[in-house]
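Both ligands and their constituent atoms are indexed starting at 1 by order of listing. All values reported here derive from a predicted model rather than from experimental measurement.
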Amino acid sequence: MENWESYVRKVVPYVPGEQPQAERMIKLNTNENPYPPAPGVQRALAGFNPDTLRLYPEPTCKVLVDAIASYYGLGSDQVFVGVGSDDVLAMIFLTFFNSGKPVFFPDITYSFYDVWADMLRIPYETKALDDAFEIRVEDYYGENGGVIFPNPNAPTGILMPLDKIEDIIAHNRDVIVVVDEAYIDFGGVSALPLIEKYDNLLIVQTFSKSRSMAGMRIGYAMGNAKLIRYINDVKYSFNSYTMNRTALALGVEAIRDRAYFEETRKKIIETREWTKKELRALGFTFGDSMSNFIFASHERVPATELFEALRREHIYVRHFTKERINNYLRISIGTREEMETFIRFLKEYLKEA
Ligand SMILES: *Cc1c(COP(=O)(O)O)cnc(C)c1O
């Protein structure tokens, strides 16, 4: 091995879900929204003046920060925006998890947390979910360098009630607690109001799921002004121009249209509940998902077999090889028509399998 190789920052990268390029497929593998972005987004994109791309974007992202702040009734100094919540979360790890003490998160959770921690040389400890895949709050009482978990959790879809979240925050006043609410709009109650009570709390959300904008890459964090200022200091020390001009313009349109947001998320929730009923009848078991996916296991047929069979039909779902969850499939909620096709195939397949 040449000497320079010993000084490489060697990392085991996060593996995103597959983005197959087939013409006709049913894509239920990366929790995207099956509906297009709000009409205002489409109009703004059509009217976008490419000449403005000569110029750098406005570095404070004021238009988008203001729009998000006004949507939630916050001050603009309480909102940070980034290139998807992945970027926001990475900035948060870099900014706040520097005590040298281990950061706590669940053993089964968003598989990017340990990747950021490893990359940034942040020690961490995972805390096992219980047999029902629920977080045990007592696991988060010990001394630590910070706490992060999604609510609802991914890939289980299971929602933690607000009193338990508050219990974790209240037991961790000396560190930053991050609640990753990527899926909160699909039936959960946000912990956002708690930022007024706890100065160590950050809420992270994204435009990728409930606002149909995964391709645009917009995420945001909300917390008290001091926390937001610290994240911004790190951001400006890393890359001042994170949000491009289209993302700023289209993001404003996406957050503005409350009616369209309500309509599409309601459709997804209804389709999810229909899909649960059908899957149950087919012999699947799963926790009560409050997200835009269902994490299900079949009583008889192994997940890998179903995964491959679905794939041959160009129906894509997600399978994780990780211990404890390797007999589960994570099925994103598509349109009602897509889910009907999916269920119809399973019915036929399970008859013969
Ligand atoms: C999808 C997801 C994210 C990241 O989404 P972005 O597209 O980067 O905004 C973050 N956390 C969880 C738990 C997710 O599932």
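Looking from atom 8 (O) of ligand 1 to the surrounding protein, the closest heavy atom is R217 NH2, 2.7 Å. Among protein heavy atoms, the minimum distance from atom 5 (O) of ligand 1 is reached at S85 OG, 3.2 Å. Nearest to atom 14 (C) of ligand 1 among the protein's heavy atoms is K209 NZ, 3.1 Å. Of the protein's non-hydrogen atoms, the one nearest atom 12 (C) of ligand 1 is D180 OD2, 3.4 Å.
Every atom of ligand 1 with a heavy atom of G84 under 4.0 Å away is listed here by number and element: 8 (O), 9 (O). Here is the list of ligand 1 atoms found below 4.0 Å of a heavy atom in S208: 6 (P), 7 (O), 9 (O).
Side-chain N or O atoms of D86 include none that pairs as donor or acceptor with a backbone N or O of G84 at under 3.5 Å.
For the side chain to side chain contact (heavy atoms under 4.5 Å, CB included) test, residues two or more places apart in sequence or in another chain that qualify with A44 are L250, E253.
The existence of a salt bridge linking E278 and K347 is confirmed by a sub-4.0 Å separation between a basic side-chain nitrogen and an acidic carboxylate oxygen.
The list of ring pair (Phe, Tyr, Trp, His ring centres under 6.0 Å) pairs with a residue in residues 164-187, not counting sequence neighbours, reads Y141-H171, Y183-F293.
Judged by distance alone, the side chains of N151 and D180 never bring a donor and an acceptor atom under 3.5 Å apart.
At least one heavy atom of Y183 sits less than 4.0 Å from an atom of ligand 1. Residue contact annotation: G219 has no non-hydrogen atom under 4.0 Å from ligand 1.
Residues I203 and V177 share a single hydrophobic cluster, defined by chaining ILVMFWY side chains whose heavy atoms lie under 4.5 Å apart.
Inter-residue side-chain proximity for R9 and R121 is flagged as met; some heavy-atom pair is nearer than 4.5 Å.
Close N/O approach between D86 and ligand 1 is found [any backbone or side-chain N/O within under 3.5 Å].
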